Amino acid sequence: MRRAAVQAFRTARRSPLRKVVTARAFPRPPVNHIVALRPIYTVTRRDAPTQIIRSAMYFRTFSVAALVSVLASGVYYYQRDPETRALVNGTSVITSGPGLSQPQYSTLTSASASLPTHTQSISSSPVAEPGAESKRRAPLVQDNEFYVDELSHDAPLTKQAEDEGQNRMEKITPEQATQKLRKNEESYLVGRGRGVIRYDVVQIPSNNPIEDDHAERIVEVPQSVTPPPAGSASSDWMFWGVFDGHAGWTTSAKLRQVLISYVARELNNTYKSASMDPSSTVPTPQSIDTAIKRGFLALDDEIVHASVNKITTNTKQKAAAAEILAPALSGACALLSFYDSSSKLFRVACTGDSRAVLGRKNPTTGKWTATPLSEDQTGGTPSEMTRLRAEHPGEDHVVHRGRILGGLEPSRAFGDAGYKWSREVQMRMKKFFFGKTPSPLLKTPPYVTAEPIITTTKVDPGQGDFVVLATDGLWEMLTNEEVVGLVGQWLENQSSNSGNSATSWAKSFFGSQSKKLPVEKPVLAPTENGEGQRAPLRQTQWDVKTTDERFVVEDKNVATHLVRNALGGRDRDMVCGLLTLVSPYARRYRDDLTVEVIFFGEGDKSGDVVLNAEASAPSLGAKAKL
């Protein structure tokens, strides 16, 4: 039975259990250190040209969609329902990923404010087997307090597999390629009047199910927490995150579900402490960075170490252990951005090798400049190699062939317990639950950390700054300058659509179009070890001619525009060929792709967030097939 379970756990012939987890129950926190997040009305389906996600002035309680699980060979296999919602860390979290990325719009209120009751939203969500009655503990919000209580049944992480039952190799046409590119695209017009006017998202899977994930949230912060801009009663905290999973999908799904909540909780504590200090009304930059790091590390500790304690003290059943340990056995890189509308500061916290790049227009030349806001953290990055060798003196193979202990490429990641557990723990997991023999090079773990490197940038909404967040699948295909230039090219194209409210905002940035990418060329070409930014290796693999003429503008969604051009652009045969490949063969030639583009500007102040239907998939929000 054990062998059958292990085989089922590792197989790649069907939608596998890569990472399945149950949300951790936290001890009841002190009320005076926590504020509540109140959910706002959210879009579900969009047949009308535009749909409105109500601002913080309009509150409504959500019901939770059902989750379905199937037991096979002692291991659960899951597929994600895009409308799944879970209550985690005292915040109502809407899961996001393929088919659903609309954020949770919340209001941060003081402890004395009235709070809606959320218990009814979650108590009926999970589906249990007939006659079975399981319990789980989860944070709830009621009567101005956060507390932990038992709820019926268990609601595991899930993810939608791509075209299940239709995994066949058959060349697609250019029209089918376009449909595939636009299947998971989403676009939102942000009418908060607080510096962000739009963001676009797209995902293209290589693995099945996709191992990438993403999450977005806007939190309205009252002046009792942080001083708002002049003339405003509140400010916004805005979060965008992309998560690149490896060796499975559940670690990235875990990050999608709870990382923003962990970070927001730590930020709230930090801002509240500063507001009580007569000498200061806002936290220092260092304390804000420390709060973000605490959120990252607390979640990784939950994934890697608390999971071991849970299975060794509460259960010895292998099926339950597989579910609990899956996010620890797999891993994920995380790129989380945090924008404070009161200060106009944009922070990027990077754990791993996903990348953020700022596009800013040069007023003298009229071209855009590309500024990296993160460094690729791998075993080949000079600064990471220096750090690891200093932390593990005398271990010659701590970095071997650009990989940690010769195996893992990212030097910072969530999960990846094989590089964090002691040899004793790993052998115990192998004997009693799930695991493998530790590396013979393992001597002084941990070798991998989830602590992010944080950068802070002052954005200028009046000049039309934008930021591209993407997993490494995009940067394997395009340089920073090509990505920024492609967004600039797309803006030029959109400026001609002045009659369309969804694109007329771009007209102020450009008045003419050019075949050349409107971007400043870098002084030095990117190198593998020069600036912490890896060169796009796929260009060499595919023998791509690095000329601007290979690019094309065909999409209303700028994230889709980037992915199309990454896969070949004007070379339709290349685009069709790469999208024809299916898992697992596709992974040899392209990685999972998740791209988000955030546009800053002085937009309207309606308070609404509107789905941009022309740049979003028609099926967005449709219930997933199980």
Side-chain angles (χ1 to χ4, degrees), residues 29 31-42 53-59 89-94 103-116 141 144 146 188 190-197 199 215-241 259-277 280-285 287-292 294-295 336-349 454 456 458-459 461 598 600 603 605-609:
V31 176
N32 61 331
H33 291 296
I34 298 291
V35 296
L37 298 174
R38 303 177 68 182
I40 313 304
Y41 180 71
T42 311
I53 303 176
R54 291 295 184 184
S55 74
M57 283 83 78
Y58 307 94
F59 300 98
N89 253 7
T91 62
S92 180
V93 178
I94 297 182
Q104 168 95 19
Y105 296 89
S106 310
T107 299
L108 212 58
T109 62
S110 64
S112 60
S114 61
L115 301 178
V141 183
N144 298 340
F146 276 67
Y188 295 91
V190 183
R192 304 287 295 163
R194 292 172 178 172
V196 175
I197 55 178
Y199 68 89
E216 300 78 31
R217 181 175 296 173
I218 297 175
V219 179
E220 187 174 75
V221 185
Q223 57 184 348
S224 61
V225 175
T226 183
S232 177
S234 62
S235 59
D236 281 352
W237 288 352
M238 302 185 184
F239 298 91
W240 296 268
L259 179 58
I260 292 176
S261 297
Y262 272 65
V263 171
R265 180 181 61 182
E266 296 294 341
L267 286 171
N268 173 62
N269 292 338
T270 300
Y271 273 79
K272 285 189 67 177
S273 297
S275 67
M276 297 176 184
D277 185 353
S280 175
T281 57
V282 294
T284 63
S287 62
I288 295 175
D289 289 355
T290 299
I292 295 173
R294 281 200 306 266
L336 182 68
S337 62
F338 164 51
Y339 173 68
D340 184 348
S341 68
S342 63
S343 65
K344 300 295 188 291
L345 292 178
F346 186 84
R347 283 179 167 82
V348 174
I454 301 173
T456 303
K458 185 86 169 184
V459 299
I598 307 156
F600 295 90
K605 300 181 180 180
S606 65
D608 295 327
V609 178

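These figures come from a predicted structure and were not determined experimentally. Quick note: numbers below take in every heavy atom, side chains included, and nothing from hydrogens, waters or symmetry partners.
Under the side-chain hydrogen bond (donor to acceptor under 3.5 Å, both in side chains) criterion, Asp340 pairs with Tyr271, Ser342, not counting sequence neighbours. Partners of Thr290 according to the side-chain hydrogen bond (donor to acceptor under 3.5 Å, both in side chains) rule, which considers only residues two or more places apart in sequence or in another chain, do not exist here. Under the side-chain hydrogen bond (donor to acceptor under 3.5 Å, both in side chains) criterion, Tyr339 pairs with no residue at all, not counting sequence neighbours. With sequence neighbours excluded, the residues forming a side-chain hydrogen bond (donor to acceptor under 3.5 Å, both in side chains) with Ser287 are Thr284, listed by chain and number. Remark: Ala274 engages Pro283 in a side chain to side chain contact (heavy atoms under 4.5 Å, CB included) (not counting sequence neighbours).
Phe338 is not listed as a side-chain neighbour of Val263, based on a closest heavy-atom distance of 4.5 Å or more. Considering only heavy atoms from C-beta on, Met238 stays 4.5 Å or farther from Ile598 through its side chain. Within the 4.5 Å cutoff, the side chain of Leu267 has heavy atoms near those of the Phe239 side chain.
Shown here for Gly295 and Glu266, the closest heavy-atom pair between the two residues is N-CG, 3.7 Å. For Asp289 against Arg347, the heavy-atom pair with the smallest separation is OD1-NE, 3.0 Å. What you find for Ser261 and Arg217 is that their closest heavy atoms are OG-NH1, 3.5 Å.
Listed for the Lys605 side chain is no donor-acceptor partner under 3.5 Å among the backbone atoms of Arg194. In this structure, Ser341 contributes its side chain and Ser235 its backbone to no donor-acceptor pair below 3.5 Å.
The distance from the OG1 atom of Thr270 to the CZ atom of Arg294 is 4.5 Å, given to the nearest 0.5 Å. A distance of 14.5 Å separates CH2 of Trp237 from CD1 of Ile218, quoted to the nearest 0.5 Å. Taking CD1 of Ile288 as the reference point, atom CD1 of Ile454 lies at 10.0 Å (rounded to 0.5 Å).
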